[in-house]
Structures are given as C-alpha cells and as structure tokens.
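Notes follow once the structure below has been shown.
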Amino acid sequence: MQLTITNLGKEYKNGFWGLKDFSLEINPGILGLLGPNGAGKTTLMRMLATITQPSEGTLKWNSADIVKTPETLRAVLGYLPQDFGVYPNLSGLEFLEYMAAIKGMDAKSARRRIDELLVVVNLVQAAKRPLGSYSGGMKQRVGIAQALLNDPQLLIVDEPTVGLDPEERVRFRNLLSDLSGERIIILSTHIVSDVEATATEIVLIKKGRKLQHATPEKLLQQVDGKVWQWVIPSTDLPALKQKHLISGTIRHQDGVQVRVVSDVAPAAESQSIAPSLEDVYLYLVSQNGARP
Amino acid sequence: MKTLHILYYMARADFLERTRRYSFLIMLGLVIWLGYASTTGMIVLSVPPDYVGEINSPWVGALMTATVSLFLGWFGFYLVKGSVSRDYETGVGQIMATTPLSRPLYALGKWLSNFAVLGIMILILMVAGILMNLLVGKSTLDLWALVAPLLLISLPFMAIVAALAVLFETIGWLRGGLGNIVYFFMFIVLLVPNIESPVYLPLLDYAGFRLLSDSMIGAAKAAYPESKGGFNFTFGESITNPHIFRYEGIAWTSDVILPRLFFLLVALVIVMLAAVFFDRFNPSRVISVKKKAGKSSVSEPAISEAIPVAQVHLTPLDAAHTRFRFGALLIAELKLLLKGRR
C-alpha cells in the first residue's frame with residue numbers, strides 16, 4: 001500500500017499556484033500535514049481525494065494513476081473535508097445510511113458498520129435527531145463517522161478536530177492511532193498538538209512548497225538546543241516579541257515566563273529546554289518567510 | 001441491483017430532506033388550496049365563451065391536469081430546484097466526489113428525488129379530484145378516466161420539469177437567479193407556439209394543454225355545434241349560467257400515449273445532459289500546464305503575511321460613530337439579491 005506523489009502542482013484560474021513541485025511517498029501510518037493557513041494543505045488534500053485534478057505531476061495509488069483512473073482509489077477512500085456540512089433535516093442515522101449507499105455499501109453491512117461507528121463517535125443517543133439540531137462538534141463527529149464508513153485504506157481528514165471539545169479531541173486522536181496500521185491516514189491541521197499526538201511522519205508546507213518531510217523525532221532534533229526559557233518583567237514582553245520568535249508565554253507572580261526559539265541564547269539568564277513540535281513548526285515556518 | 005440501491009438512497013435522502021422543510025409545507029398547503037379552488041369553482045376550465053363540462057371523472061381529471069400543467073409546470077421548478085446547490089453549499093458534494101458515485105447516477109438520483117416531490121403534489125391533486133367527483137359529481141367515479149390524464153400528461157411533464165431543475169443546477173450560470181428568470185420566460189415562450197399552431201404537434205405538446213383542449217373543444221362542438229372552439233383556463237372568474245356539455249375525456253390510444261411516453265425519454269436525455277455538465281464538485285478548473293509551459297515559479301499566495309500584532313494600531317471607536325445606516329444595509333441586501341445563490 002503506497003501513495004506516490006511526483007512533482008504535483010495546482011494552478012488556479014487567477015494564475016496562482018496553490019501547490020508546486022510537490023513530491024512525496026506515503027506508506028501506512030499517520031502523516032501529519034502542517035502548515036499555516038493558505039499553505040496549500042487543502043489544495044493537496046483535494047487532489048489526493050480525487051476532487052480536483054492536478055495541473056501538473058502524477059499521483060499514484062499502488063502504481064495505478066489516480067488522475068487518469070480515480071475510481072481505483074475512490075473505492076477505498078475516506079474523506080472528511082474542512083468545511084463539512086450536512087442535510088439539516090435528516091437524522092444522523094439517515095445521513096450515514098445515505099453516505100453508505102453512495103459509497104456502494106450494501107444495506108446489511110452498512111447498518112452494522114453505522115451502528116459500530118455511532119458508538120465510536122459517541123452519537124448513539126443522538127442518532128435519530130435531526131442533524132440541524134447538532135452542535136458543531138457533533139456534526140464533526142458525523143463527518144468522521146462517514147469518512148470511516150467504507151473502512152478506507154486511505155483516510156484523508158482535513159482539520160478534523162475543529163469544533164471538538166478537549167475530551168472528544170483526545171478520543172479522536174486515539175481513534176486515529178487505533179485505525180493506523182495497515183492503512184494510510186493523512187491528517188491536515190494547523191493544530192500542532194493533534195499531529196504531535198498521532199503522526200508517525202510529518203510534512204511541513206508553506207506557500208505551496210514542501211518545507212520538510214521527516215519523523216517527529218527528526219524534526220525535534222532540528223531545533224534541539226534552540227529553545228530557551230526564562231522569566232522577564234511583563235513590561236519587557238512587547239520589546240522581546242519584536243526581537244525574537246516567542247512560542248509560548250505563561251504568567252507568573254514575578255513576571256512572564258517566555259519560551260523563545262532562537263539559534264543562540266537570547267538572554268544571559270535564558271535556559272535551554274527540550275523542544276516541542278510547536279517550536280519546530282514556528283522555527284521552520286519563520287525561517288522560510290515572515291513570522292507566522 | 002447496486003445501482004438501484006444507490007439511486008433509492010439518494011432519492012430518499014433528498015426527498016426526506018426537502019419534505020421536512022417549512023417551504024415544502026407551504027407548497028403543500030398551496031397545492032391543497034389549488035385542489036380546493038378547483039372543486040369550488042374558483043379555477044374554471046371552459047370552452048369560450050361559456051361552455052363547461054359536466055362534473056364527471058374525465059372532466060375533473062382534465063381540470064386537475066390543467067392545474068398541474070400550469071401551476072406545477074411553472075412554479076414546481078422553483079420548488080424542486082436547489083438539491084444540487086445544497087450539495088455544493090454544504091460540502092456534502094465534496095464527500096460525494098470522493099466516492100465511486102458516477103455523474104449519471106448522481107444526476108439520476110437528483111432527478112428521481114425532484115420527480116418524487118412533484119409526484120406527491122400530483123397525488124394530492126388526484127385525491128382532491130376524487131373528492132370533488134364524489135362530492136359534487138353528476139356521475140359515479142370512474143377512477144381511470146380521472147387518473148389517466150394525470151398519469152399520462154402530468155407525470156411526463158413533471159419528469160421534464162424535474163430534469164430541467166437538475167440541468168439548470170449543473171450549469172454554473174443557470175444555477176443562480178438568472179436561471180430562475182430564464183425558466184420563468186422559457187415556460188411561457190415554449191408554451192405558446194403549440195397552443196397557437198393550426199395543426200396538433202403531439203411531440204411539442206409537453207404540457208398537454210393542446211391534447212386537453214382539442215378533446216374538450218370536440219366534446220363542446222358535439223353538444224353545441226355553434227361553439228367556436230378555444231380553451232379557457234381562468235382563475236377567480238366564475239361563469240354564470242354556463243352551457244353544460246358532457247365530456248368523455250381523451251381516447252387513450254397508442255398514438256396518444258406514445259408521444260406522452262416520449263416526454264419521459266426527453267426527461268432522461270435532459271438528465272444525461274445534466275450529467276455531462278456536472279463538474280462533480282470540482283472547485284476549480286484545471287489549467288493545462290502545456291498552455292503555460294513557460295511559467296514555473298510559485299505565485300505569491302492569496303493570503304498575505306501577517307504583520308505582527310504589536311505593530312498594528314486599532315483606532316478606538318466611540319459611540320458617536322456607531323449608528324444604524326439604512327442606506328448601507330439596503331445596498332448590501334441588494335448586492336446579495338443580485339448575486340443570487342450559486
């Protein structure tokens with residue numbers, strides 16, 4: 001099972017390239033796509049999900065060209081788009097039955113799978129309520145359930161945890177981890193903690209280009225010794241923000257504890273600390289353009 | 001079998017989604033009222049100036065069929081249009097695009113759903129007709145005579161209306177307000193030549209008005225040779241002391257039925273045409289690289305780099321600058337109206 005992306009590019013009508021010269025080989029596991037808004041994540045996801053066609057380059061699923069024959073992938077694909085909407089007057093159950101039929105599932109296996117998925121996404125009680133009465137998080141969970149209906153070999157989820165409360169977010173991350181194994185999961189997000197918790201590999205994108213592709217460990221090594229922490233008076237914070245890349249602040253009684261990503265020690269009293277993926281993300285993205 | 005399964009669930013979901021809306025209830029109310037208006041003489045079918053059929057099953061069937069052709073033919077389009085647009089707007093379409101669902105199957109599913117909604121309306125008018133026949137009819141109920149014109153004239157016509165709604169939604173420039181205007185005038189413009197034509201052209205009589213009127217005129221002339229023909233379908237004007245003639249309905253021979261079935265075929269052709277135009281929810285058009293071979297650099301992104309918040313100054317807004325501006329609101333609403341829903 002392999003998804004191969006070679007020199008992929010997408011040009012929009014106004015001449016803007018949403019993605020350019022993008023190559024990647026994806027194997028089973030969870031691939032986290034990280035990048036600022038407008039980086040090209042959704043453009044890439046839509047091409048992988050066979051919604052849009054690339055302007056250049058090739059996309060291959062187990063050596064089959066999915067630009068020419070998208071049907072080969074669609075049968076084993078699950079997709080949750082970023083802007084997921086529903087039919088407000090259908091119940092969650094009816095909507096999932098509908099999506100299962102569209103995915104070509106027979107009624108019996110669809111019903112069994114829907115019952116299981118309703119438990120997984122914690123919507124059993126609300127299954128017969130109209131979707132219009134669901135909260136944003138509940139709708140998102142319906143979206144997750146529909147993406148998993150056909151037990152996909154390739155699961156593409158675009159900003160899946162938006163709108164979920166912390167408990168549901170953790171539940172979803174665990175679900176993704178459980179699902180990985182003999183399938184490819186592509187998780188696009190700008191929430192670094194989601195990727196940190198689940199991804200086996202990470203791709204950083206900015207301005208339609210691939211910045212990095214590595215395991216989380218390798219990425220963390222890149223900023224090892226470049227993350228600093230110390231406490232400053234709160235009045236000094238605006239000036240520090242102008243000079244350094246601050247990845248976090250915590251208020252204390254004696255001032256503000258700042259977390260700075262910098263090649264050299266930003267202050268005499270600053271102490272080097274272990275980096276997080278958030279630090280890596282900010283560092284790499286800021287190195288390849290203005291500060292995010 | 002699998003195709004039928006998909007079609008069933010597609011049409012079912014779309015049908016349920018629509019029939020649970022308030023707008024459907026309003027339309028339903030309107031159709032029930034049309035049924036009531038027909039039975040109470042507010043809607044009058046006549047051969048001018050004052051020849052009216054005896055209330056029997058064929059006449060009631062003709063009256064209900066004319067009601068469907070005019071009202072549902074004209075306004076039913078607006079009732080069923082919107083199911084494809086909803087898939088664009090909600091993002092459900094993007095999920096569908098990632099499934100093995102084919103373009104023709106999608107268009108067929110939407111058409112079936114549209115057809116089912118219009119079919120419900122016909123069913124209501126059919127029930128109203130039966131009640132009218134039973135309550136004020138001069139003869140016993142002849143179910144086939146009443147139902148036949150609705151099945152053989154109205155249903156094929158509604159199949160076309162349902163298909164046109166899908167077609168209009170799959171063509172970008174017809175999806176919004178312009179499509180609504182185009183249909184409004186198209187309905188009238190295409191109706192007139194067939195009614196005015198000296199010869200009956202069954203393959204142009206999509207709404208069935210000519211088929212109905214010719215049979216009525218014949219019946220009126222048989223009873224009243226002095227009658228000069230013509231066909232009136234009026235609303236709100238009752239005829240005092242009408243000349244009553246007996247109407248036996250349309251003789252449903254094969255040369256009458258086959259042209260009606262032809263319209264089902266036309267509807268299917270329109271659906272397949274819609275499938276051709278349907279972009280499968282692709283949000284962008286592909287630009288061939290060959291055409292732009294010289295261009296290789298990545299353009300500047302549409303989203304500009306953020307200026308650090310510390311460098312931005314927000315001007316404080318005092319209460320004196322906050323007031324309701326009717327003009328601005330009106331202009332904004334007009335813009336929204338003119339842009340339509342695409």
Hey, does the Lys NZ or Arg CZ of B:R12 hover above the aromatic six-ring of A:Y98, less than 6.0 Å from the centre and inside 45° of the axis? no
Could you check whether any side-chain heavy atom of B:Y9 comes within less than 4.5 Å of a side-chain heavy atom of A:I102, counting everything from C-beta outward? no
Quick check: are there more than 12 heavy atoms from other residues, nucleotides or ligands sitting under 6.0 Å from OH of B:Y78? yes
Let's go through B:T99 and A:Y79 carefully: what are the C-alpha distance in whole Å and the side-chain angles of both, what is the deciding distance for side chain to side chain contact (heavy atoms under 4.5 Å, CB included) to 0.1 Å, and is it a yes or a no? CA-CA 9 Å; B:T99 68; A:Y79 177 60; over 6 Å; no
What are the two closest heavy atoms between B:G91 and A:P81, and how far apart are they? O-CG, 4.2 Å
Step-by-step side chain to side chain contact (heavy atoms under 4.5 Å, CB included) determination, A:E94 to B:E17: CA-CA 10 Å; A:E94 286 168 342; B:E17 169 63 25; over 6 Å; no
Is it the backbone or the side chain of A:N150 that comes under 4.5 Å from a heavy atom of chain B, or both, or neither? neither
Can you tell me how far CD of A:Q53 sits from CG of B:N282, rounded to the nearest 0.5 angstrom? 7.0 Å
Got a second to check how far B:I95's CD1 is from A:Q146's CD, nearest 0.5 Å? 3.5 Å
With a 3.5 Å distance limit and no angle check, can you tell me whether B:H5 reaches the backbone of A:M105 through a side-chain donor-acceptor pair? yes
So do the side chains of A:Y87 and B:D14 get within less than 4.5 Å of each other, counting heavy atoms only? yes
Go through B:K2, B:R21, B:R280 and name the one with the most non-hydrogen pairs under 4.5 angstrom from chain A. B:R280
Quick one: what part of A:E97 sits under 4.5 Å from any heavy atom of chain B, side chain, backbone, both or neither? both
So what's closer than 4.5 Å to chain B heavy atoms on A:P88: side chain, backbone, both or neither? both
Judged by atom type as modelled, is there a donor-acceptor pair below 3.5 Å linking the side chain of B:R20 to the main-chain atoms of A:N89? yes
Quick check on A:T72 against chain B: is it the side chain, the backbone, both or neither that has a heavy atom closer than 4.5 Å? neither
Note: B:A97 and A:I51 closest approach over all heavy atoms is CB-CG1, 4.0 Å
Which bit of A:A147 comes within less than 4.5 Å of chain B, counting heavy atoms only: side chain, backbone, both or neither? neither
Of the listed B:T19, B:D87, B:L7, B:L105, the one with the largest count of heavy-atom pairs under 4.5 Å with chain A is B:D87
A:V86/B:T90 under side chain to side chain contact (heavy atoms under 4.5 Å, CB included): CA gap, chis, key distance, verdict: CA-CA 6 Å; A:V86 289; B:T90 58; over 6 Å; no
